[in-house]
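Values below: every heavy atom of this structure, side chains too, minus hydrogens, waters and symmetry copies.
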Amino acid sequence: MKLGDFDLADDLLLDLSGPGPRYTSYPTVPEWSETFGASDATAAIERAALRTSEPLSLYVHLPFCSRLCLFCGCTVEITKRRDRVERYLDALEGEFELIARHLGARRDVVQLHWGGGTPTHLDPRQLERVYAMVSRRFRIVAGAEVSLEVHPHVTTFEQVDVLRALGFNRISMGVQDLDPHVQALIHRDQTTDETVRLVEHARRVGFEGVNLDLLYGLPAQNERTFGATLDTIAKLRPDRLAVYGYAHVPWLKEAQRSLEQHGLPTAQERARLFALALSKLGACGYEVIGLDHFALPTDALYRAIDDGRLHRNFMGYTTAPAREMIAFGMSSISDVGGAFFQNERTAAEYEARIARGELPVVRGMQRNADDDLRRAVIQDLMCGMRVDLDELGVRLGRDDLAATFAVEWRELERYRDLGFCTLSARRVDVTPKGRLFLRRMAMVFDAYLRGRTSQTTQRFSRTV
Ligand code: SF4
């Protein structure tokens, strides 16, 4: 493998690329319990309600798409029926009402994000209806980040205009790969022209931030074709890019199994594709952020590194304007009142529970002090590419961190010897060579992995 000036033997890469969490949360979802239910979630929300002056982040899950992309890892429902969408929106409205009841006066929102699915599967009137659900119950403060994900193939200029008029200021578009052969294999129709026109229109009507998502590790991708995609995308100058490694988890997403017949890139090939993104986007002025994001130096995500506001959550990397997030819709995950909790993963269950007047929580976890400490360490590593025990100790009021992490520090010596990090008695810094193995280094601090069987660990996607 060639990654900058760095070569790695095949067998070592194979060993290092084994399964592991993406750390969009710590503790990770498999540690959460189904004994955590609606009453625990209500208690967490009511604890959060006491901090009336602190703003919130909100997430809304709109799960609909008209066609399934075979690589999709999201919780989606494929439908073309408008009445089906309306029924879901009725339930969503019910959930807003249930949660708002427990939130007291805590209503300021500094970040609102709609994900899916494809939020623009909704028609303009339905988009307005969802926005009204939020704005009737929450105060979206001036300067808030209001964003959503869209699929350019199904998104019209009219929808973009409506969204902008509602107050959306950031738009994120799925691209994955522009090569027609790759697109055919993954069942995704999306011409380059559609993407270009939508980016240009979003800018024209005043969206401040445009984000594009690419995916490496798909069938038939190679350095030539992915390089061409990167060149075209870089010319569009999106403010941010996410270049995700495709997570192949057919035991969770059955449709992904059909991609295997075309041959998936090996760990070596995946590493080369990511290295190509690093070099091409770096040459075009993009700064790499954390595991898989790229931003122009003018973008808030890049500036957030210096301000210490860069944060990793279920949406990936964000500027973390709020500490707590409440999520609405099937399968969505909240992080509030010191707890994580997730809603029912099927629309039928989600809608049935709302109809019974219950919060549709299916699993969750109340974090303890050790969870919060390790969460802070993993956040520092995944966001800032370093852990400084002195700085962390001041932040958390702890003077025993070197002793607490003595075992982890010894484990990091292996990565230091491979050139993935520099290590002193109280600080670890990930090197550019180590970026690809960030998840693996974060795993060192995951207390729950120590108790796992390898069979359980196998359920995560590969780290490279
Ligand atoms: S458009 Fe997005 S959410 Fe919908 S099926 Fe494709 S990848 Fe999944």
Side-chain angles (χ1 to χ4, degrees), residues 6 8-9 11-33 290-291 305 308 310-313 317 320 323 335 338-340 365-460 462-464:
F6 177 58
L8 200 64
D11 52 348
L12 185 58
L13 181 59
L14 203 63
D15 174 34
L16 291 170
S17 66
R22 297 182 65 83
Y23 292 114
T24 52
S25 74
Y26 180 84
T28 56
V29 177
E31 306 307 331
W32 304 0
S33 164
L291 190 61
I305 301 177
L310 188 67
H311 182 69
R312 184 161 171 81
N313 65 16
Y317 287 98
R323 280 197 314 142
D335 171 4
F340 293 123
M365 182 177 206
Q366 186 67 47
R367 295 187 301 272
N368 62 30
D370 187 62
D371 295 335
D372 279 336
L373 171 61
R374 288 173 187 275
R375 182 188 196 206
V377 171
I378 289 172
Q379 280 278 339
D380 282 3
L381 201 59
M382 298 294 286
C383 295
M385 308 279 289
R386 65 159 196 273
V387 180
D388 181 334
L389 294 182
D390 289 327
E391 185 269 324
L392 194 67
V394 170
R395 199 170 2 128
L396 303 180
R398 299 268 305 247
D399 58 8
D400 59 344
L401 295 183
T404 304
F405 292 121
V407 171
E408 287 80 355
W409 237 245
R410 273 199 299 281
E411 286 180 18
L412 285 173
E413 288 171 5
R414 177 189 186 205
Y415 298 107
R416 177 200 61 198
D417 296 346
L418 287 165
F420 297 168
C421 62
T422 59
L423 195 63
S424 65
R426 306 178 66 81
R427 182 171 165 133
V428 54
D429 285 84
V430 178
T431 63
K433 299 170 186 177
R435 188 177 295 273
L436 198 56
F437 305 97
L438 205 47
R439 286 163 73 182
R440 195 129 285 274
M441 284 185 266
M443 286 165 74
V444 167
F445 294 94
D446 187 333
Y448 295 91
L449 284 185
R450 293 180 194 278
R452 275 188 193 284
T453 62
S454 64
Q455 219 178 11
T456 326
T457 317
Q458 291 295 334
R459 297 187 66 77
F460 291 113
R462 298 189 74 81
T463 52
V464 176

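A distance of 6.0 Å separates CG of Leu291 from CZ of Arg22, quoted to the nearest 0.5 Å. The line from CZ of Arg395 to CG of Leu389 is 11.0 Å long, rounded to the nearest 0.5 Å. Note: Gln366 CD to Phe340 CZ = 10.5 Å, rounded to the nearest 0.5 Å. In this structure, CD on Glu391 lies 9.0 Å from CZ on Arg427, to the nearest 0.5 angstrom. In this structure, Asp429 CG and Thr422 OG1 are separated by 4.0 Å, a value rounded to the nearest 0.5 Å.
Every residue two or more places apart in sequence or in another chain that forms a salt bridge (charged side-chain N to carboxylate O under 4.0 Å, His left out) with Arg414 is listed here: Asp15. For Glu413, there are no side-chain hydrogen bond (donor to acceptor under 3.5 Å, both in side chains) partners two or more places apart in sequence or in a different chain. In terms of the side-chain hydrogen bond (donor to acceptor under 3.5 Å, both in side chains) criterion, residue partners of Asp400 (sequence neighbours excluded) are, by chain and number, Arg398. Not a single side-chain hydrogen bond (donor to acceptor under 3.5 Å, both in side chains) links Arg416 to another residue, sequence neighbours left out. Every residue meeting the side-chain hydrogen bond (donor to acceptor under 3.5 Å, both in side chains) condition with Arg439, not counting sequence neighbours, appears here in chain and number order: Ser461.
Side chain of Tyr415 to main chain of Leu438: no donor-acceptor pair is present (N/O by atom type, distance under 3.5 Å, no hydrogens or angles). Between the side chain of Trp409 and the main chain of Ser424, a donor-acceptor pair closer than 3.5 Å is present. Formation of a donor-acceptor pair under 3.5 Å by the Thr24 side chain with backbone atoms of Asn313 is not found in this model.
Between Pro21 and Leu449, the shortest heavy-atom contact is CD-CD1, 4.4 Å. The heavy-atom pair separating Cys421 from Met441 by the smallest distance is CB-SD, 4.2 Å. The heavy-atom pair separating Arg426 from Ala402 by the smallest distance is NH1-CB, 3.3 Å. The two atoms that bring Arg435 and Gly290 nearest to each other are NH1-O, 2.5 Å, heavy atoms only.
Between Arg450 and Val407, some side-chain heavy-atom pair lies under the 4.5 Å cut-off. The side-chain heavy atoms of Thr28 and Tyr23, taken from C-beta on, include a pair separated by under 4.5 Å. The shortest distance between side-chain heavy atoms of Tyr26 and Glu31 does not fall below 4.5 Å.
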Review point. So Asp388 and Arg386, salt bridge (charged side-chain N to carboxylate O under 4.0 Å, His left out) or not? Walk me through it.
Key: CA-CA 6 Å; Asp388 181 334; Arg386 65 159 196 273; 5.3 Å; no

Indicate every side-chain donor-acceptor pair of residues 368-377 with a distance under 3.5 Å to a residue at least two apart or in another chain.
unit_1: Asn368; atom_1: OD1; unit_2: Asp370; atom_2: N; d: 3.0
unit_1: Asn368; atom_1: OD1; unit_2: Asp371; atom_2: N; d: 2.7
unit_1: Asp370; atom_1: OD1; unit_2: Arg374; atom_2: NE; d: 3.4
unit_1: Asp370; atom_1: OD2; unit_2: Arg374; atom_2: NE; d: 3.0
unit_1: Asp371; atom_1: OD1; unit_2: Tyr448; atom_2: OH; d: 2.7
unit_1: Asp371; atom_1: OD2; unit_2: Asn368; atom_2: N; d: 3.0
unit_1: Asp371; atom_1: OD2; unit_2: Tyr448; atom_2: OH; d: 3.4
unit_1: Asp372; atom_1: OD1; unit_2: Arg367; atom_2: NE; d: 2.7
unit_1: Arg374; atom_1: NH1; unit_2: Glu408; atom_2: OE2; d: 3.0
unit_1: Arg374; atom_1: NH1; unit_2: Phe445; atom_2: O; d: 3.0
unit_1: Arg374; atom_1: NH2; unit_2: Glu408; atom_2: OE2; d: 3.3
unit_1: Arg375; atom_1: NH2; unit_2: Asp335; atom_2: OD2; d: 2.4

